[in-house]
Amino acid sequence: MSRPAPVILSFRRTFALLILLVVLPSAGLSGFGVVAIINERAAVEKRLEAAWRGTLADLSAEVPRALGSGRLERVGTERLAFLLPDDQELSDPDGTFHVENGLVRTKDPQLAEALAALVPEAASLPTVPTVFSLATNGRAVMVAAERQGATVRGVRLSGVALDGLLSDKAQGRATSEPVRFTLLPVPRDTSSEGGIVNRLMSEVAQARQNALGPPVLAERVLSAPLQDFRLVVLPTGEDPVASASTRNRAVYGVLLGLFYLTLTFGVGYTARVLYREARLSRMKTDFVSLVSHELRTPLTSIRMFIETLALGRLKDPAQQQEVLNLLTKETERLSDLIERVLDWARIESGRKVYQRESLPVTDVVDAAVAAFRTQRHGDGMEFTVKVEDGLPHVEVDRVAVAGALLNLLQNAYKYSGPTHRRIALRAQRDGGYVNLSVEDNGVGIARKDRKRIFERFYRVDNLLTRKTEGSGLGLAISKRIVDAHGGRITVKSEPGQGSCFTLQLPVGRA
Ligand code: ADP
């Protein structure tokens, strides 16, 4: 029974922890964002109101001051006009009134009703023009009046003219949203009178008014004697609260989307790196046990041979020679393996220096073939070498590239089964490259392994590989060497049908 490797287990645990640490806070963050969006309209309203509060305070001081500087003038016989020092008229042409002997005289019946409250106090009104507000039955008017002896004369101020005055005063106080300032009556508070039903009714009426008219963005009730009016800020175009909150939502949505996108990318990337590291560390462990095993086997044989010789068991000089040959072979294997590990260490740490020189391709091929022939001396195989005529020079480190080629030849030999081995080495030109290819009729390589065999420590998991000595470093080293020369290493292979590895070396700049 096979147990999952502990490294992979710890990878899963680390990954689960990562997900937990990332997903929980981000879910919390998103939830918080949603709550913020729900409450956002109120927040925007508050912010806008705060932005206009200062302007409202200034205007509510300036307007009464401006009104205080006005004068009443007779126009024609009956009509009165309320004029500011710059002759701007604020009065309503039909709003002239007189209060004499306890009687109100005006053309406007509603004004007459409102003025009824003024009659008892007529005698105490100041003799200079004064502006004040009056309210009856939920309606409010603003009037300018003055006393002349026992008579009070005055005029109702026009809403339109007052709005004009306000917009003059508000000019220069630019706000980012398109708004206008206006005066509206203070809604009559009926809540204190008449119990729950009345209160409900008035609230419903207020809600309907809000729904119908433009929403009031900010307001401020004027102080006495204009206390029946409030200064309000109304949007002129679309509701700035709605547009600001739509904008905020869009920005939040985009940010949230980006956040999750980067989060997904980050988690995916980290998982990949973690997984690779876990796999690498497992391969390293395999490598250490493999190398130790590979070192032990030749050492054991060497010890046995030496003991045999030392005990003088072999009298026949021919037998002695054979043992000595075997000893040489085993020590060669040992030093080969150690050399490969050291080579890898040099390449990995960046200490490997390549001595490049411009050489004929045959130099590289001959060096590799000579070494291969020495190693495989006497082994039954069909080995052919074909070098195209007139190949250009290549600019390479001869020892390193010949080593890479030798490794391909050794692999072709190792992974070709015991009988009928056919290995062909070809050197030919291919555009700007010289291709050195090694073809065998061996076990071949499955598609899923083809990419990975160039990874360090990777060995295909099959019976032949398990029986064959190796470190999983050969192809990785070959690839690094060829890469360093600006070349490529490729493989074509099908399981059971042999493999063809090709080293592509760029043609040297002569
Ligand atoms: P090793 O020391 O195991 O030979 P390599 O890096 O040279 O290491 O090769 C990696 C793996 O690729 C080998 O273990 C083997 O399974 C596979 N391989 C390499 N060359 C061949 C080939 N010519 N035919 C089949 N399999 C091969």
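Numbering of residues begins at 1 and proceeds along the displayed sequence. In listed order, ligands and their atoms are each counted from 1.
For atom 8 (O) of ligand 1, the nearest non-hydrogen atom from the set G442, A446, G472 belongs to G472. For the residues S499, G498, C500, the heavy atom positioned nearest atom 24 (N) of ligand 1 is part of S499. Looking at F454, F457, Y415 and measuring to atom 4 (O) of ligand 1, the nearest heavy atom belongs to Y415.
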_Evaluate F372 against F383 for ring-ring contact (aromatic ring centres under 6.0 Å, His included), listing each step before the verdict._
CA-CA 10 Å; F372 182 58; F383 179 43; 5.1 Å; yes

*CA sep, side-chain torsions, deciding dist, call: D163, T182, side chain to side chain donor-acceptor pair (under 3.5 Å)*: CA-CA 5 Å; D163 283 354; T182 189; 2.7 Å; yes

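Looking at ligand 1, you won't find any N or O of G444 less than 3.5 Å from one of its N or O atoms. Remark: ligand 1 and G470 share no N or O pair separated by less than 3.5 Å (distance only, no angle test). Residue-to-ligand polar distances place N411 within reach of ligand 1: an N/O pair is separated by less than 3.5 Å. Distances between N or O atoms of Y458 and those of ligand 1 include no value under 3.5 Å.
Note that OH of Y415 and CG of L464 are 7.5 Å apart. Values are rounded to the nearest 0.5 Å. Taking CG of L337 as the reference point, atom CD of E332 lies at 13.5 Å (rounded to 0.5 Å). With values rounded to the nearest 0.5 angstrom, E219 atom CD is found 10.0 Å from L234 atom CG. Distance CZ/R340 to OG/S335: 11.5 Å, rounded to 0.5 Å. Here the CZ-CZ distance, from R456 to R480, works out to 6.5 Å after rounding to the nearest 0.5 Å.
Counted by atom type alone, T465 and N462 present one or more donor-acceptor pairs between their side chains at under 3.5 Å. A donor and an acceptor atom, one from each side chain of S349 and R351, are located under 3.5 Å apart. In summary, the side chains of Y458 and D449 do present a donor paired with an acceptor at a separation below 3.5 Å, with no hydrogens or angles considered.
Within the 4.0 Å heavy-atom criterion, both parts of L475, backbone and side chain, lie near ligand 1. When heavy-atom distances to ligand 1 are checked against a 4.0 Å cut-off, V460 comes that close through both its backbone and its side chain.
Among protein heavy atoms, atom 2 (O) of ligand 1 sits closest to S471 N, 2.7 Å. The nearest heavy-atom contact from the protein to atom 23 (N) of ligand 1 is D440 OD2, 2.9 Å. At the top of the distance list for atom 12 (O) of ligand 1, counting protein heavy atoms only, stands I453 CG2, 3.2 Å. Closest protein heavy atom to atom 26 (N) of ligand 1: I445 CG1, 3.4 Å.
Interface of F501 with ligand 1, defined as ligand atoms under 4.0 Å from a residue heavy atom, comprises 20 (N), 21 (C), 22 (C), 23 (N). Of all atoms in ligand 1, numbered sequentially from 1 with element shown, those under 4.0 Å from a heavy atom of T465 are 14 (O), 16 (O). In the vicinity of G474, heavy-atom distances shorter than 4.0 Å reach the ligand 1 atoms 5 (P), 6 (O), 7 (O), 8 (O). Near R459, meaning under 4.0 Å from one of its heavy atoms, ligand 1 places the atoms 1 (P), 3 (O), 14 (O).
Closest approach of A402 and A367 over heavy atoms only: CB-CB, 3.9 Å.
Ligand 1 lies less than 4.0 angstrom from a heavy atom belonging to K414.
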